[in-house]
Amino acid sequence: GYTIIDEQIRYSGWRQVLRRRVSAPHLGDKHLDFDVIDQAKSCGAVVIFAWNSTSKTATIIREYMPGPHRVLSGLAAGIVEDDKHGIELDGRESLEL
């Protein structure tokens, strides 16, 4: 399988960006490099599809997205942080979006 050869912190702030070098079985002696966002305090992510079965409508939110530097429409989503939400998160709990 794929094996991590090396991992270095390239940026450390609210999140960390790691440069991860892996060996790939199909490439022989060559390696692949990836920039990976480290979510050390996270146990995953969640997307909420809020569907009203009576009106047959979905809820879409508009929020500022720092990557494209624009306000965009989409589904409610967020990172699940162990110290805030725990592993037993469900749709009734609130998320910081």
Interatomic distance, [X] atom [atom1] to [Y] atom [atom2] [nearest 0.5 angstrom]:
| X | Y | atom1 | atom2 | value |
| --- | --- | --- | --- | --- |
| Leu32 | Arg20 | CG | CZ | 12.5 Å |
| Gln16 | Glu7 | CD | CD | 9.5 Å |
| Tyr2 | His31 | OH | NE2 | 13.0 Å |
| Ile5 | Thr3 | CD1 | OG1 | 6.0 Å |

Which heavy atom of [X] sits nearest a heavy atom of [Y], and at what distance?
| X | Y | result |
| --- | --- | --- |
| Leu75 | Ile60 | CD2-CD1, 3.9 Å |
| Asp38 | Arg15 | O-CB, 4.4 Å |
| Ala77 | Val47 | CB-CG2, 4.0 Å |
| Ile61 | Ala76 | CD1-CA, 3.7 Å |
| Asp33 | Arg19 | CB-CD, 3.9 Å |
| Ser73 | Arg62 | OG-NH1, 3.0 Å |

Note, Arg70 side chain near Tyr64 side chain (heavy atom, < 4.5 Å): no
Distance-only donor-acceptor pairs under 3.5 Å for side chains of residues 48-56, two or more places apart:
{"from": "Asn52", "atom 1": "OD1", "to": "Thr54", "atom 2": "N", "distance (Å)": "2.8"}
{"from": "Asn52", "atom 1": "OD1", "to": "Ser55", "atom 2": "N", "distance (Å)": "3.0"}
{"from": "Ser55", "atom 1": "OG", "to": "Thr57", "atom 2": "OG1", "distance (Å)": "2.7"}

In the hydrophobic clustering that connects Ile, Leu, Val, Met, Phe, Trp and Tyr at side-chain heavy-atom distances below 4.5 Å, which members other than Tyr11 occupy its cluster, ordered by chain and number? Val17
